[in-house]
Amino acid sequence: MFEKSQQLYQRAQLFIPGGVNSPVRAFKAVGGTPVFFEKAKGSLLYDADGNTYIDYVGSWGPMLLGHAWPPVIEAVKKAAEKSTSFGAPTEVEIELAELILDMVPGLEKIRMVNSGTEACMSAIRVARGYTERDKIIKMEGCYHGHGDSFLIKAGSGALTFGTPSSPGVTKGTAQDTLTTQYNDLEGVKKLLEENENEVAAVILEPVPGNMGCIPPAEGYLKGLKELCEKHGTLLIFDEVMSGFRVAPGGAQELYGVEADLVTFGKIIGAGLPVGAYGGKVEIMKVVSPQGPVYQAGTLSGNPLAMHAGLALLTELHKNRRIYDQLEQKTTHLEEWLHRVFKHHEIPHTMNRVGSMLGIFFCEDPVTDFESASKTDTERFRQFFHGMLKRGVYLPPSAYESLFLSNAITMDQIDSTVSAADDTAEEMVESAKNEG
Ligand SMILES: *Cc1c(COP(=O)(O)O)cnc(C)c1O
């Protein structure tokens, strides 16, 4: 079933570290051979061996309306004919900026970059430049790209100075990153008090999607906002995943809390490499060339990427029904998966926010990294491969959220549920044989 993918993976490993250009693609968390893809249309993926899958990853979010959505493809083709890059200003950058400011609450100025990582690195630099402070607070299990400051995990105690979780990150950098658990307001309060006048920013995914999917507890985001205001610390929402997904205006709109700085990626470029960060004029005016905080990019505001993003966001802006439909589809999937797991007596917990769905093979509620780590990764591995061979492509890690696209039909969700039913039965059988 995967001969061609296996060959390609072997060849790739000769020339590319680990055979992939981003680690999660290597299937390390689930084992087996990564699937090499050839094309996709709407909700369907086609791999190098000619297998077809219903896609629940959507390039990790950007494919909110499905792959190769015609208006995006048209926009990219038209833009490409007029040049793939100028390295100079174009009108479409203004159009996209205006549209985003219209969609996202509280945003007054926005700067385009080329990835979510770049957006988060830049937002932190702006926060440090603006507040003239060095430290940041992040939540364990939240992902903000591969910038040095973010590759920090907490030590054994939850509230401690960070140690680098990757070689190559200096101790100095690690020391400026403080960590606590998501959804733990007290933890943040304590860190802010212990580091009075030293913390530039609190950064978090308002709806974490990088440890499954976890919704914010009632009052958590609002509480963070109040704490940050009190301590002169900036609140940064990393909406690289949640932006334009959980609502047209992202988590800020959904939960009615405005951050000081917001970062974007994924959906904003409709599948082309784009990121962005923005906030109030008062803060964004420190950004070069208006202010002293340097940040630049040869390909930033690239015309292909801007036209692609504009085509997708224009649709999301004018057609709010998309979000209702996504909600309906994802709820349907969640309910039926729940029934399937219950029927086969497989312990599980699911979290859903809009069209993000986290499946955890553990019983207790998942509210932070600690509880997410209780998920049975071996069970997930079995589930993943059972679904894969039945034509359903799930994220290849127990710590990633599913992303639905509106191209997925109710019929496809029903066939996903019957694939899950067969897979669950297989999982129970294999457990019996082992026992
Ligand atoms: C994907 C992601 C990033 C990093 O974006 P890249 O485009 O991969 O650099 C940052 N933050 C969050 C919340 C993400 O999901």
Side-chain angles (χ1 to χ4, degrees), residues 20-26 56-64 104 111-127 136-153 165-166 177 179 182 201-216 221 235-247 250-252 254-255 259 261-278 295 297 299-302 305 308-309 312 351 353-358 368-369 372 395-397 399-404:
V20 292
N21 281 311
S22 198
V24 72
R25 296 178 197 170
Y56 287 94
V57 180
S59 187
W60 303 100
M63 301 305 158
L64 191 69
V104 180
R111 167 63 64 84
M112 293 294 166
V113 294
N114 303 293
S115 69
T117 294
E118 246 191 275
C120 295
M121 281 166 46
S122 308
I124 288 293
R125 187 179 305 139
V126 168
I136 61 166
I137 296 175
K138 81 173 278 285
M139 313 307 158
E140 203 177 335
C142 278
Y143 181 67
H144 306 294
H146 65 87
D148 283 358
S149 310
F150 307 122
L151 294 180
I152 314 296
K153 62 182 172 191
S165 55
S166 164
T177 301
T179 59
Y182 180 78
V202 171
I203 184 168
L204 77 160
E205 298 174 68
V207 181
N210 287 288
M211 42 179 165
C213 168
I214 301 183
L221 298 176
L235 179 62
I236 306 177
F237 278 180
D238 176 353
E239 296 235 46
V240 171
M241 261 181 184
S242 53
F244 313 106
R245 175 162 288 274
V246 298
Q252 292 194 110
L254 187 63
Y255 298 104
L261 286 168
V262 187
T263 61
F264 299 101
K266 301 195 168 104
I267 292 179
I268 204 174
L272 277 85
V274 186
Y277 65 98
Q295 186 274 308
L299 298 179
S300 295
N302 172 270
L312 180 58
N351 285 337
V353 177
S355 52
M356 292 167 70
L357 181 66
D368 56 15
F369 182 70
S397 161
Y399 296 103
E400 303 283 357
S401 169
L402 277 69
F403 297 101
L404 269 71

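Whatever order the structure lists ligands and atoms in, that order sets their numbers, starting from 1.
Side chains of E400 and N210 form a contact here, defined as non-hydrogen atoms less than 4.5 Å apart. Between C142 and M211 the shortest side-chain heavy-atom distance falls below 4.5 Å. Using a 4.5 Å heavy-atom cutoff, the side chains of W60 and F403 are in contact. At least one side-chain heavy atom of M112 sits under 4.5 Å from a side-chain heavy atom of V274.
At the top of the distance list for atom 8 (O) of ligand 1, counting protein heavy atoms only, stands T117 OG1, 4.4 Å. Given atom 11 (N) of ligand 1, the protein heavy atom at minimum distance is D238 OD2, 2.6 Å.
Close approach of ligand 1 to S115 (heavy-atom distance below 4.0 Å) involves ligand atoms 7 (O), 9 (O). Residue E205 has at least one heavy-atom neighbour below 4.0 Å for each of these atoms of ligand 1: 13 (C). Residue contact check: G116 has heavy atoms under 4.0 Å from atoms 4 (C), 5 (O), 6 (P), 7 (O), 9 (O) of ligand 1. Contact atoms of ligand 1 toward G145: 3 (C), 4 (C), 10 (C) (distance under 4.0 Å to a heavy atom of the residue).
R125 and Q295 share no donor-acceptor pair across their side chains, judged by distance under 3.5 Å alone.
Between the side chain of Q252 and the backbone N or O of F237, no donor-acceptor pair lies under 3.5 Å.
Distances from atom 14 (C) of ligand 1 to the heavy atoms of M241, H144, K266 put K266 nearest.
Checked by distance only, ligand 1 and E118 stay at 3.5 Å or farther apart across all their nitrogen or oxygen atoms.
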